[in-house]
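Some notes on the structure that comes next.
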There are 2 protein chains.
Amino acid sequence: MENTRLSRKEREYLRHRQEILKVALKLFSGKGFHNVSMHEIATASEFAVGTLYKFFSNKEALYSALMIDASKAFHSSLMAALATSGNEMEKIRACVEAKIKVFTENLDYVRLYLSETRTASFNIKAGLDIDIKVRYEEFLEKLARVFESGIKKRLFKAFDPYLLAVALDGISNALLFQHIEHSDAHPFDADLIVNIFFQQIYKEGETRDE
Amino acid sequence: MENTRLSRKEREYLRHRQEILKVALKLFSGKGFHNVSMHEIATASEFAVGTLYKFFSNKEALYSALMIDASKAFHSSLMAALATSGNEMEKIRACVEAKIKVFTENLDYVRLYLSETRTASFNIKAGLDIDIKVRYEEFLEKLARVFESGIKKRLFKAFDPYLLAVALDGISNALLFQHIEHSDAHPFDADLIVNIFFQQIYKEGETRDE
DNA sequence: ATACCTTGTGAACCGTCCGTCACCATATGA
DNA sequence: TCATATGGTGACGGACGGTTCACAAGGTAT
């Protein structure tokens, strides 16, 4: 009975915390960190300003909690996909599919996550940056190792595996971004990304210079 | 003599304006719009705060001037490359080379430009966003039309030309970014980008699902 | 019923920063 | 030499927004 009550309270606490995060996410992703005030978050989440500070020590901590969550979710999802059983090609396909899934299911996160991943040490102070960068780097490394073993097996041509990882990630991001912003115009899916990336586009052998 | 003196003054004026922009660029690109104060720019450029407002009506206008400049420079350079004489393949190669050149020569701009191009309607108010987006879109369209005519000539496989443009741009950005941040580790150049993008990476025909 | 504690409140405080404006200094022209 | 204009100055006003803290409300234990 005691533990039940305690956990009720804890659940309340977490529910409230979640509610704040949810509202903050929507606001941050819409207007950016600096253009959202704590008062705004307070009003939108139907708490008082002071209450926010019972959950998060300051604005940046609130933002960090958000980013860390997103980063972890993305990371674990992509890593899981790369650990799929199957050959290198299938792993990569699974990875792209996972990415599409995570992205489209968490549009609000995506904006924040991408803007953070992309913009070096911009917006926010260090610490958070580092945390996210590390996770992202870990993912790229793992993807690179998949390419590497694929190259060893002669499945793929022998480019620098890390750069292949960067390139694939770059293509996926660009196409996903494009799709998010102008969803109607150009239909696309995982196959498209994979095909554009892996299939021979240029038909003649004349890639040579002059 | 009168016009000479007048133009001297004008030149002074423009030199000062340039100086301010140069300093502001360095600061903005290092710390982001919101983390740079007008006082900081004033001190760094060795002018008084009030003087800045003789050149730019407010902080945003100063920032805009910067972004517009960068955007125009990038745009004209890339468009020129795409207008190169030669077949579609050569145009695209020229475009990638131009991009590498512009990027590496204007690293400070790149951070601002990319973060602006990428992050939708973040950071700064509208107007500027629109201006930049329009130019960027124009570039993508032109690139897409190059792909399109390449496809018609059976040079390239028949993917959606616009998506190919997005994809190539995405790859270039990703690799360039990677190179800017960890320049030592993985050597790269225009050929690498073009090759990764255009050559067949996946060797077997088994891109099929299960 | 009373003391107590936890959760929530929001007015007020304080620092930061944008933008202004009255005021120099230099130079140009009379 | 004096008047005027122009480029430049920087202390200051005012607004905004993050953070605090004294207090309220509601539940819990004694």
Side-chain angles (χ1 to χ4, degrees), chain A residues 1-25 27-28 30-67 123-125 127-128, chain B residues 1-24 27-28 30-67 122-125 127-128:
Chain A
M1 187 183 168
E2 278 217 56
N3 50 3
T4 324
R5 201 174 61 241
L6 211 69
S7 96
R8 229 266 307 274
K9 276 206 173 180
E10 285 211 335
R11 249 185 275 159
E12 280 289 287
Y13 175 86
L14 288 179
R15 280 169 47 80
H16 289 177
R17 194 187 138 98
Q18 271 314 110
E19 178 61 23
I20 293 171
L21 284 174
K22 185 179 138 196
V23 168
L25 168 62
L27 288 173
F28 282 141
K31 318 203 295 177
F33 181 75
H34 289 284
N35 299 318
V36 175
S37 73
M38 288 300 265
H39 283 80
E40 224 173 324
I41 299 174
T43 313
S45 64
E46 293 174 282
F47 284 107
V49 193
T51 310
L52 300 186
Y53 286 86
K54 293 279 162 70
F55 290 88
F56 307 96
S57 60
N58 54 42
K59 191 185 175 185
E60 209 175 297
L62 168 52
Y63 185 79
S64 291
L66 224 45
M67 295 305 303
N123 309 323
I124 312 305
K125 289 267 174 188
L128 173 58
Chain B
M1 186 182 169
E2 278 218 55
N3 52 0
T4 323
R5 201 174 60 240
L6 212 68
S7 96
R8 231 264 310 275
K9 278 206 170 178
E10 285 210 339
R11 250 186 275 160
E12 281 289 286
Y13 175 86
L14 287 179
R15 280 169 47 81
H16 290 175
R17 194 187 138 99
Q18 270 316 108
E19 178 62 23
I20 294 172
L21 285 174
K22 185 179 139 196
V23 167
L27 288 172
F28 281 140
K31 317 204 294 177
F33 180 76
H34 289 284
N35 299 318
V36 175
S37 73
M38 288 302 265
H39 280 80
E40 224 174 325
I41 299 174
T43 313
S45 64
E46 293 173 282
F47 285 107
V49 192
T51 310
L52 301 186
Y53 288 88
K54 293 278 165 71
F55 290 88
F56 307 96
S57 60
N58 55 42
K59 190 184 177 186
E60 211 175 295
L62 168 51
Y63 185 80
S64 290
L66 225 44
M67 295 306 303
F122 272 34
N123 309 323
I124 312 305
K125 289 269 175 182
L128 173 57

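- Counting to the nearest Å, the P atom of C:dC5 and the OH atom of A:Y13 are 20 Å from each other.
- Regarding A:E12, its CD atom lies at a distance of 13 Å from the C1' atom of C:dG8, rounded to whole Å.
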B/S/- contact track for nucleotides 9-26 of chain D, protein heavy atom under 4.0 Å:
BB------SBBB------
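- The ring-ring contact (aromatic ring centres under 6.0 Å, His included) test applied to A:H16 returns A:F47, not counting sequence neighbours.
- In this structure, B:H16 atom NE2 and C:dT26 atom P are separated by 14 Å, rounded to whole Å.
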Start with the C-alpha distance between B:V23 and B:E46, add both sets of side-chain angles, then the distance that settles side-chain contact (heavy atoms from CB on, under 4.5 Å), and finish with yes or no.
CA-CA 10 Å; B:V23 167; B:E46 293 173 282; over 6 Å; no
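- Among residues two or more places apart in sequence or in another chain, the salt bridge (charged side-chain N to carboxylate O under 4.0 Å, His left out) test is passed with A:E19 by none.
- Evaluation of the side chain to side chain donor-acceptor pair (under 3.5 Å) rule for B:E12 yields no partner, not counting sequence neighbours.
- Within 4.0 Å (heavy atoms only), A:F55 reaches sugar-phosphate atoms of the nucleic acid but no base atom.
- Look at CD on A:E10: it is 13 Å from P on C:dT6, rounded to the nearest Å.
- Partners of B:T43 by side-chain contact (heavy atoms from CB on, under 4.5 Å), not counting sequence neighbours: none found.
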Side-chain donor/acceptor pairs under 3.5 Å, residues 49-57 of chain A, sequence neighbours excluded:
| residue | atom | partner | partner atom | Å |
| --- | --- | --- | --- | --- |
| A:T51 | OG1 | A:A48 | O | 3.4 |

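- The distance from atom CZ of A:F56 to atom P of C:dT7 is 15 Å, rounded to the nearest whole Å.
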